[in-house]
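Side-chain atoms are counted along with the backbone in the values below, which use heavy atoms only and exclude waters and symmetry mates.
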Amino acid sequence: MTTELLFRQDAYLRTASAQVLAVGAHGIEFDRTVFYPLGGGQAGDSGVVVRANGERLLINDTRKGDSAERVLHVPAPAGVTLEPGETVTLEVDWDRRYRLMRLHTALHLMSCVIVAPVTGGNIVPEKARLDFDIELSQLNAERIESETNALIASAVATETVWITGAELDAQPDLVKTMSVQPPRGAGRVRLLKIPGIDLQPCGGTHVANIREIGAIKVLRIRSEGKRNKRVEIALQQ
């Protein structure tokens, strides 16, 4: 029992018709979904499920199930009960998702400005951060903000590239993030390509053109341990 991950083909898809596969204690599974599950540092999507009779069920979070191809949609407590087999409409909270997309792509750009191994990361709608294995003295907020925004202003279109697991193994330098495994599945690995700027494995959702990010600001830089120097950013608007 797997879920077709519609966001992999189109991160801008906001709604979709789906059939309920299972309703369990940890969430609801559908045969297809526009909801991105928590992973790669990116928060899981929220939104609503609309039944044929118009009843609406709030989805508070989305998580992976027993495998990457199984997705659990976590409903709000005391909501309506869905029945396996019924057809519903899924509606992702688009404003929230789009902020996550903009911030996630911004982190890819920032990882090109700060040339150091990435030891962790997190993306929520209000802010995002990357942790680097670098000396704190080498991190300057003004430079990071300026150079990242200069890349954003170049207005480059992003691309999705697929390679085999063997091809990734032959190019280990493509993997920047030490704490997150590349999104392998069915023998293929998904890469985000920003031509002339960056290429790295990523299973998250991203903007079609980096100009959509707008601009970022560096909120703060601090030490989180010997090998973790944290740079936290937010969208300027």
Would you kindly confirm whether Ile123 and Ile144 end up in one hydrophobic cluster when ILVMFWY residues are joined by side chain heavy atoms under 4.5 Å apart? yes
Here the gap from Leu191 atom CG to Glu159 atom CD, rounded to the nearest 0.5 Å, amounts to 11.0 Å
Does the Asp198 side chain pair with the main chain of Ile194, one donor and one acceptor, at a distance under 3.5 Å? no
Can you name the residues that form a side chain to side chain donor-acceptor pair (under 3.5 Å) with Arg222, not counting sequence neighbours? Glu224
Residue from Ile163, Leu174, Leu192, Asp173 passing side chain to side chain contact (heavy atoms under 4.5 Å, CB included) with Leu199: Leu174
In terms of heavy-atom contacts, does CD of Gln9 have more than 12 from other residues, nucleotides or ligands at under 6.0 Å? yes
Once ring pair (Phe, Tyr, Trp, His ring centres under 6.0 Å) is applied, what residue pairs with a partner in residues 37-84 remain, sequence neighbours excluded? Phe30-His73, Phe35-His73
Any side-chain donor-acceptor pair under 3.5 Å between Thr119 and Asn228? yes
Do side-chain atoms of Gln171 reach the backbone of Leu168 as a donor and acceptor pair under 3.5 angstrom? no
Does any part of the side chain of Ile221, heavy atoms only, come nearer than 4.5 Å to the side chain of Leu136, both counted from C-beta? yes
When every non-hydrogen atom of Gln138 is compared with those of Arg143, the smallest separation belongs to O-NH2, 4.4 Å
Could you list all the ring pair (Phe, Tyr, Trp, His ring centres under 6.0 Å) pairs where at least one residue sits in residues 47-66, not counting sequence neighbours? none
